[in-house]
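Taking it in order: structure first as structure tokens, then the write-up.
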Amino acid sequence: MNSTLLQHLNPEQLAAVTLGDEPALILAGAGSGKTRVLTTRIAWLLSQGQVGPGGVMAVTFTNKAAKEMQTRLAAMLPYNVRGMWIGTFHGLCHRFLRAHWKAAGLPQGFQILDASDTVAAVKRVIKAMNLDEERFVPKAVAHTIAHWKEEAARPKDVIPRDEQERKIVEVYAQYEAQCQREGVVDFAELMLRVYELMRDDPALRQHYQQRFRHVLVDEFQDTNKLQYAWLKLFAPPGGGAVFAVGDDDQSIYAFRGAQVGNMHAFEREYRINQLIKLEQNYRSCGHILDAANHLISHNERRLGKTLRTDQGQGEPLRVFEAPSDFDEARWVLEEAQSLHRGGLARSEIAVLYRSNAQSRVIESALFNAGIPYRVYGGLRFFERAEIKHALAYLRLLENVNDDTSFLRVVNFPARAIGARTVEQLQDAAKATGRSLWQSVSALQGRAGASLQKFVELIEGLRRATEGQTLRAIVEHVVEGSGLAAHYRSDKDGAERLENLDELITAAESFVTQEGFGKDAVALPVDELGQGPGLTPDADTGEIMSPLAAFLTHASLEAGDNQAQAGQDALQLMTIHAAKGLEFDAVFLTGLEEGLFPNERALQDFDGLEEERRLMYVAITRARKRLHLSLAQSRMLHGQTRYHVRSRFLAELPEESLKWLSPKQGGFGSGFERDYANAWQRGAGLSGVVGAGHREARAGGGGWPAPKPAAWQQAVAAPVPKKAEHDSGLRVGQAVFHNKFGEGVVLTLEGTGPDARAHIQFGRHGAKWLALSVAKLTPI
DNA sequence: CGCTCAAATCTTTTT
DNA sequence: GATTTGAGCG
């Protein structure tokens, strides 16, 4: 490779890039050129001639990151990077299983269940087992099963702790059998199958260990237990050169099993003697970095690192406290417009929020003002009902035994196959252990006849689409299934019809993008002669139809929900979705206790620290400008709620903030003093607001010391009259309760008889009280 | 059997 | 607020 690529690296980056064949752990701060290091490292390795493109595996966490890496590498390398093993954990597992489907015990045309398919499948099992859905909530059970899978535990490995759990293990076993019967795998199963295959097949293991001389892992802090174990099979300690890049401060997926501890484990198990830290930030101005450093220093459990920048201090952070979410949205809009007028492209401005539900107000403000915007996340394209219906038909063409798809469309559009008929069919299927499709002939009479007609419909579709292009197949199925007709006759079906049209377009462009010809071809084959998944010793030349590939694409990448590319639009997304991205200007909205930090997150062990890391991620997305805002009242879940300022605001350096709304108060006015008193007198000082029970779990040790001072600041500003609740109470007000003593109002919601208040009592923790019942005296 | 309307429920983040 | 479930009617 040409050496100019190396010339632009700083000493730490250069050291990381040119490391030899040894395992390495790179602690890469936000904006420290992490992706650049990863890609340059790959290019460097290849240029050294020690390893070919087939000998490198690079794993990322998101599709976005994988694509980014591929694009950058393509610009650096003289050959097609498509054939290289660069992808997400799940994407690579899928590739692996397509190559080794036989050894993995899967049918060749196996399909992937997305999150909602998985819940639906689990729900069917629960129903079939006659279990109470109240006690066995499908979503929760699905989550538990996924959790077990991430522990590499099959049903036989789980030791149930009680009767309830014993039943769930039974559901797990049944669910597994069902998936196997139907030829489908869920996300966790993709990982687990590959793990087991590698673990139990020495020849296969040896082959891949020899093949992948270099394994690079991005966002290592987000790996879960199974992913780490998986990694160790491909590149064991002492054997493979694993290049792990991560940032413990940006670990924001613990809620779904990510273990930051993997970084420590890696350091130990791979005997890393020298951890490389990338602390030079190339992204943000001084004030922004100061804020980030200051905030994250409040976390206890860190590997420790401080970002620095050569850029100037830049503008201070602009902070605005709005009376309502509506006002907040209007402020964002006005500030964004002024930035835009100042010469900033709209696409360089991001509006971030903690949860998707918060986008609505902002969207409507932008919409009414006629400002173009683009929302990421939320309900995505392939998750829409009409799209899932169409996909279900397509999946049946590939695999008639896919019961999930069968059930989804057997009576949609309505064709007189009701719940009773389906039930009978399920009974018949269960009795013989066959799929629903296979059991159709078991039913006689009217029901059997209508089912038979459905079978004929699918078979007709299959005959008619044989040998057709992907576009033609999709088009034909949308029409032939009756979906198009159904939505045409539905007065609200116009949008859904448009989406179905978009699906046809997507199918067409998928073929061009993925390089598929008109006929079924092998997976994209590159000039290196190594198609993805088609390893030399595997079933070379295995064929995957364009349709199968398209279906996989649909379930593995849910796709963006709006594809109005080209237009310069404001970027709206959750903070999670913003990870890995950067913008000139960032608006961070909804900085309210309960929202951010999220009250539900505070229930979890390490919840607060994870929320703080999330805040850290949000701050470090900004290059030049950062705007922070909150609303005193907010429409949430259909009712108005009142919140106090997020504690995170009090954890930012005062000198980097510029308050646009009056940051009045200071200490001395009534309720703050009372609040401080109530706090001081309370026994459980280590209690975290909204999560009193954590004290017990914490057992006194390991928790960050309470910071009452910060808290007093957080609630220091008096709430203007505007935000007064109709009960006469205000957020931040001190009250007295006969049983719980003195407390401070944190949140108010509901009206009249439904009015409730979340109140922080020193000794008793935070409690929700119904105002119509609880006797509260303002003090 | 299927459709419509009302009620109940759940709302953090996602490969 | 939005989506899913349930009751009642055609």
Side-chain angles (χ1 to χ4, degrees), chain A residues 59-66 87-94 112-116 118-120 123 133-134 137-140 143 146 149-150 185-191 218-219 222-224 226-227 251-258 325 352-361 363-364 376-380 382-385 411-423 446-447 450 486 489-490 552 555-559 573-580 590 594-604 607 610-611 613-615 617-618 634-641:
Chain A
V59 198
T60 67
F61 223 76
T62 64
N63 292 307
K64 206 162 56 191
T88 63
F89 275 105
H90 294 88
L92 293 181
C93 283
H94 170 252
I112 300 165
L113 299 182
D114 71 13
S116 61
T118 304
V119 174
K123 191 173 177 175
E133 279 188 55
E134 305 262 289
V137 182
K139 204 172 153 189
H143 184 262
K149 287 191 181 186
E150 280 165 12
V185 292
D186 61 32
F187 284 140
E189 187 73 26
L190 282 171
M191 292 289 319
D218 189 17
E219 308 277 17
D222 283 337
T223 53
N224 63 33
L226 180 57
Q227 284 159 340
S251 158
I252 54 173
Y253 286 108
F255 74 93
R256 71 169 197 224
D325 50 350
L352 308 184
Y353 32 80
R354 176 66 237 267
S355 66
N356 279 308
Q358 288 165 248
S359 74
R360 176 168 302 280
V361 211
E363 274 188 74
S364 76
Y376 292 79
L379 189 59
R380 293 186 294 180
F382 288 114
E383 290 166 357
R384 291 168 191 275
N411 196 33
F412 192 93
R415 47 177 75 89
I417 299 173
R420 276 255 296 285
T421 307
V422 172
E423 220 168 276
R446 266 197 313 278
S450 47
H486 175 264
S489 65
D490 183 353
T552 296
S555 39
L556 227 43
E557 291 181 56
M573 67 193 85
T574 64
I575 302 168
H576 282 89
K579 189 170 174 207
L595 255 178
F596 192 26
N598 188 275
E599 59 195 352
R600 289 178 67 109
L602 292 180
Q603 317 268 321
D604 295 337
E610 175 143 320
E611 292 289 296
R613 291 192 291 267
L614 196 52
M615 177 81 179
V617 168
R634 179 179 293 279
M635 271 298 266
L636 216 58
H637 319 324
Q639 47 182 193
T640 309
R641 290 181 54 145

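What's counted below: heavy atoms across the whole structure, side chains too, no hydrogens, waters or symmetry copies.
Rounded to whole angstrom, the span from the CZ atom of A:Arg613 across to the P atom of B:dT13 amounts to 18 Å. One interatomic measurement links the two molecules: CD of A:Glu133 to P of B:dA8, which rounds to 18 Å at whole-angstrom precision. One interatomic measurement links the two molecules: NZ of A:Lys579 to C1' of B:dT15, which rounds to 12 Å at whole-angstrom precision. Put simply, OH on A:Tyr376 is 14 Å from P on B:dT14, counting in whole angstrom units. At whole-Å resolution of the value, CD in A:Glu150 and P in B:dT15 are 14 Å apart. In this structure, CZ of A:Phe412 is placed 16 Å from C1' of B:dC1, rounded to the nearest angstrom. Atom CD of A:Gln358 and atom C1' of C:dG1 are 14 Å apart (whole Å). Separating the CD1 atom of A:Ile252 from the C1' atom of B:dT13 is a distance of 7 Å, rounded to the nearest angstrom.
Contact annotation: A:Asn356 reaches the phosphate of B:dT13 (side-chain N/O to OP1 or OP2, under 4.0 Å). Taking 4.0 angstrom as the limit, A:Asn411 places a side-chain polar atom (N or O) nearer than this to OP1 or OP2 of B:dG2. OP1 or OP2 of B:dC1 sits under 4.0 Å from a side-chain N or O of A:Thr421. Neither OP1 nor OP2 of B:dT15 sits under 4.0 Å from any side-chain N or O of A:Lys64.
Contact annotation for A:Ile417: backbone-only contact, meaning every heavy-atom pair under 4.0 Å involves sugar-phosphate atoms and none involves a base. Here A:Phe89 lies out of heavy-atom contact (under 4.0 Å) with every strand. Using a 4.0 Å heavy-atom distance criterion, A:Phe61 is classed as a sugar-phosphate-only contact. Backbone-only engagement by A:Arg415 is indicated by non-hydrogen atom pairs under 4.0 Å involving sugar-phosphate atoms exclusively. Counting any heavy atom pair closer than 4.0 Å across all strands shown, A:Ala414 reaches sugar-phosphate atoms only and no base atom.
Ring pair A:Phe61/A:Tyr253 is parallel by interplanar angle, where below 30° counts as parallel and above 60° as perpendicular.
Across the interface with DNA chain B, nearest-nucleotide mapping of A:Glu383 and A:Asn598 shows A:Asn598 to be the residue nearer the 5′ end.
The side chain of A:Ser355 lies closest to B:dT13 when the candidates are B:dT13, B:dT11, B:dT15. Comparing B:dC3, B:dT14, C:dG1 against the side chain of A:Arg360 picks out C:dG1 as the nearest. Of all nucleotides listed (C:dA2, B:dT14, C:dT5), C:dT5 comes nearest to the side chain of A:Lys123. Distance from the side chain of A:Phe255 is smallest to B:dT14 among B:dT14, B:dG2, B:dT11.
Proximity of a side-chain donor or acceptor of A:Glu610 to a complementary backbone N or O of A:Ala254 within less than 3.5 Å is detected. In this structure, A:Lys149 contributes its side chain and A:Phe187 its backbone to no donor-acceptor pair below 3.5 Å.
A salt bridge does not link A:Arg360 with A:Glu363: none of the charged nitrogens is closer than 4.0 Å to a carboxylate oxygen.
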Stepwise side-chain contact (heavy atoms from CB on, under 4.5 Å) check, A:Glu150 with A:Met191
CA-CA 8 Å; A:Glu150 280 165 12; A:Met191 292 289 319; over 6 Å; no
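The 12-atom threshold is exceeded at NE2 of A:His486, counting heavy atoms of other residues, nucleotides or ligands nearer than 6.0 Å.
Taking atom C1' in both C:dT4 and B:dT13, one finds a spacing of 22 Å when rounded to whole Å.
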